[in-house]
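In each ligand, atom 1 is the first atom listed, and ligand 1 is the first ligand listed. What you are looking at is a predicted structure, and each value in this text was computed from that prediction instead of being measured.
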Amino acid sequence: MRMTVLGTGYLGATHAACMADLGHEVLGVDVDPSKLAKLEAGEVPFYEPGLQEVLKRNIDQGRLKFTDSYAEAADFADVHFLAVGTPQKRGEYAADLSYVDSVVEGISGLISRPSIIFGKSTVPVGTAERLGRRARELARDGVEIEVAWNPEFLREGHAVDDTLRPDRLVIGVDSSQPTRAEEVAREIYSDAIANGTPIVITNLATAELVKASANAFLATKISFINAIAEVCEAAGGDVTELADAIGYDDRIGRKFLNAGIGFGGGCLPKDIRAFMARAGELGANEALSFLREVDQINMRRRARMVEMAREACGGTLLGSRIGILGASFKPDSDDVRDSPALNVAGQIQLNGAAVSVYDPKAMENSRRLFPTLDYAASAFDACQSADVVLVLTEWQEFIRLDPKQLSETVRSRKVIDGRNCLDFDRWRAAGWNCRSLGRP
Ligand SMILES: NC(=O)c1ccc[n+]([C@@H]2O[C@H](COP(=O)([O-])OP(=O)(O)OC[C@H]3O[C@@H](n4cnc5c(N)ncnc54)[C@H](O)[C@@H]3O)[C@@H](O)[C@H]2O)c1
Ligand SMILES: O=c1ccn([C@@H]2O[C@H](COP(=O)(O)OP(=O)(O)O[C@H]3O[C@H](CO)[C@@H](O)[C@H](O)[C@H]3O)[C@@H](O)[C@H]2O)c(=O)[nH]1
């Protein structure tokens with residue numbers, strides 16, 4: 001089938017390449033010329049394991065192309081995926097919908113045959129219905145445009161696999177209008193459906209709410225274990241052993257119970273805030289008031305990390321040197337949007353310490369976002385003469401570090417594990433003083 005993907009960032013570039021890999025003919029559309037130039041050259045503009053190969057293969061085989069032209073997009077296909085950003089509005093909790101709005105404004109009047117726009121971006125409930133109305137207002141005479149919602153659940157670092165083999169597919173359709181969306185979605189995703197992927201067909205509001213609820217649940221699970229970590233710290237418990245023990249209960253499950261400096265990224269933080277804001281607009285403020293606590297627990301872990309660094313430096317960060325390992329919001333990604341690691345690094349620097357940051361993949365993005373931090377060329381360099389080393393993203397490279405070798409470069413053998421990822425027995429055997437969030 002022919003289709004376009006409007007917006008080719010982390011989500012859109014992955015979706016476009018994976019849809020082409022399924023045999024569809026795909027046109028990716030973006031407004032960022034430098035991103036388009038890279039994609040056209042078969043280069044992924046961000047780090048995502050496995051995506052480069054899929055992108056290149058499908059460009060070479062002629063199934064995947066890119067453009068900045070909405071007219072070309074409207075002409076190319078009658079199925080369009082909308083995948084632009086929905087960031088948090090500056091100074092507010094609500095989502096900024098200007099990008100999704102501008103896509104619908106831009107393409108609707110150019111469409112000349114019956115078409116479906118499948119929204120994939122994460123949007124507040126009610127957005128799809130509003131966009132559907134707007135698309136119909138802007139449509140040429142006699143041209144039907146249907147807006148359906150197909151929220152995306154991929155995780156960065158696993159994006160290709162999550163797209164090709166999703167846990168489930170959700171398709172929200174506007175059943176008050178004639179709809180072809182279910183039939184078309186079943187054709188697009190026929191491989192996954194044939195392989196047993198459950199598909200939930202529902203109304204637009206439910207589809208939007210499924211996405212917001214899934215992320216709210218994941219954020220809540222992380223903040224739950226981080227709240228328990230606070231109690232473990234106070235009582236001398238070990239949150240990692242506790243998580244293993246409660247995780248053996250199938251009803252609880254071990255996934256997303258990794259305590260540490262908490263969740264960041266371009267999704268969970270802004271999505272729980274947008275969900276609260278939308279619930280407030282709908283008169284259901286109290287329903288989601290627990291998410292405010294989830295957010296606060298999360299931010300408190302970052303502050304606690306700064307505090308522990310201060311304690312390790314004898315009560316003041318002023319004049320001390322801190323080696324920071326990790327800048328991306330999670331391993332296997334170069335994404336630094338709302339990264340807990342960079343947030344902690346920035347706070348420590350503001351407190352008068354010299355920080356040196358190293359990340360295997362996120363250096364370029366970090367420099368752009370936090371130009372005032374010092375960046376090192378390797379983990380070893382970042383730890384040079386450090387009074388304390390902080391591990392803030394659990395990259396394998398850091399988990400495998402040799403503490404004996406690192407001893408030679410630091411001023412003081414003190415490490416704080418912000419992700420509960422280090423084998424403290426190894427580090428302690430090499431003479432290191434080890435602390436973590438939630439482990440004795
Ligand atoms: N990143 C993820 O892992 C992920 C997963 C699931 C859902 N989502 C949701 O998907 C959406 C996109 O997220 P992202 O992380 O890919 O964002 P992103 O910022 O990486 O990508 C957005 C892209 O849209 C482009 N764009 C902006 N305006 C445009 C326009 N008018 N026409 C065409 N392109 C335009 C930008 O240049 C950019 O390349 C968000 O709603 C997000 O919450 C993201
Ligand atoms: O036990 C855990 C698991 C995760 N995290 C942190 O939580 C954040 C988010 O991690 P993850 O959910 O794996 O990354 P994302 O790529 O942001 O994916 C989330 O956000 C996407 C965008 O909405 C959704 O599609 C995914 O399903 C959802 O997992 C990261 O900072 C992680 O370090 C923890 O602190 N502890």
Tell me: protein heavy atom nearest atom 19 (C) of ligand 2, and distance? L268 CD2, 4.1 Å

Judged by heavy atoms only, the candidate from N258, N298, L154 nearest atom 21 (C) of ligand 2 is L154

Looking at atom 11 (P) of ligand 2, what's its closest protein heavy atom, distance included? K330 NZ, 3.6 Å

Distance-only polar pair, side chains of N226 and S223, donor-acceptor under 3.5 Å: no

Would R254 and Y248 count as a cation-pi pair here, with the cationic atom under 6.0 angstrom from the ring centre and within 45° of the axis? no

Would you say G265 touches ligand 2, if touching means a heavy atom closer than 4.0 Å? no

I117 side chain near I145 side chain, heavy-atom distance below 4.5 Å: yes

Atom indices of ligand 2 within 4.0 angstrom of L257 heavy atoms, with elements: 1 (O)

Salt bridge flag under 4.0 Å for residues E137 and R134: yes

Give the residue and atom name of whichever protein heavy atom lies nearest to atom 31 (O) of ligand 2, and the separation in Å to one decimal. F329 O, 2.8 Å

Could you say whether the N/O atoms of R155 and ligand 2 ever approach to under 3.5 Å? no

Ring-plane angle category for F398 and Y358, please: parallel below 30°, perpendicular beyond 60°, tilted otherwise. perpendicular

Counting non-hydrogen protein atoms only, what is the nearest one to atom 6 (C) of ligand 2? Give residue, atom name and distance. F263 CA, 3.8 Å

Minimum heavy-atom distance I201-R186, with the two atoms named: CG1-NH2, 4.0 Å

Can you pull the residues with any heavy atom under 4.0 Å from ligand 1? G7, T8, G9, Y10, L11, V29, D30, V31, D32, K35, Y70, A83, V84, G85, T86, Y99, S102, V103, S121, T122, E152, L154, E156, K211, C267, K270, R337

Which of the numbered atoms in ligand 2 are below 4.0 angstrom from a heavy atom of D271? 23 (O)

Do you know the tightest heavy-atom contact between P269 and D338? CB-OD2, 3.2 Å

Under-4.0 Å salt bridge between D78 and R2: no

Ion pair present between R57 and E53, side-chain N to carboxylate O less than 4.0 angstrom? no

For A17 and L64, the nearest pair of non-hydrogen atoms, with its separation, is CA-CD2, 3.9 Å

Is there at least one pair of N or O atoms, one from F153 and one from ligand 2, spaced under 3.5 Å apart? yes

Between ligand 2 and I222, is the shortest N or O to N or O distance under 3.5 Å? no

Does at least one non-hydrogen atom of H158 fall below 4.0 angstrom from an atom of ligand 2? no

If the cut-off is 4.0 Å to any non-hydrogen atom of E156, which atoms of ligand 2 fall inside it? 16 (O)

Taking the six-membered ring for Trp and the single ring otherwise, decide whether the centroids of H80 and F118 are under 6.0 Å apart. no

Might you point out which heavy atoms bring T8 and G28 nearest each other, and give the distance in Å? CG2-CA, 3.8 Å

Once rounded to the nearest 0.5 Å, what's the spacing between atom CG of L325 and atom CG of L390? 8.0 Å

Suppose we measure from atom 20 (O) of ligand 2 to each protein heavy atom; which comes out shortest, and what is that distance? C267 CB, 3.2 Å

Sub-4.0 Å heavy-atom contact, R419 with ligand 2: yes

G264 heavy atom under 4.0 Å from ligand 2: yes

Among N226, L218, I261, closest by any non-hydrogen atom to atom 29 (O) of ligand 2: L218

Residue, atom and distance of the protein heavy atom nearest atom 12 (O) of ligand 2 read F256 CZ, 3.2 Å

Sort out for me which residue in T202, V184, I199 forms a side-chain contact (heavy atoms from CB on, under 4.5 Å) with I171. I199

If the cut-off is 4.0 Å to any non-hydrogen atom of E152, which atoms of ligand 2 fall inside it? 25 (O)

Which heavy atom of L422 sits nearest a heavy atom of I399, and at what distance? CD2-CA, 4.2 Å

Which atoms of ligand 2 sit under 4.0 Å from any heavy atom of K211? 22 (C), 23 (O), 24 (C), 25 (O)

Against the six-membered ring of F256, is K221 placed for a cation-pi contact (under 6.0 Å from the centre, within 45° of the normal)? no

Test your reading of the structure: does N215 have an N or O sitting under 3.5 Å from an N or O of ligand 2? yes

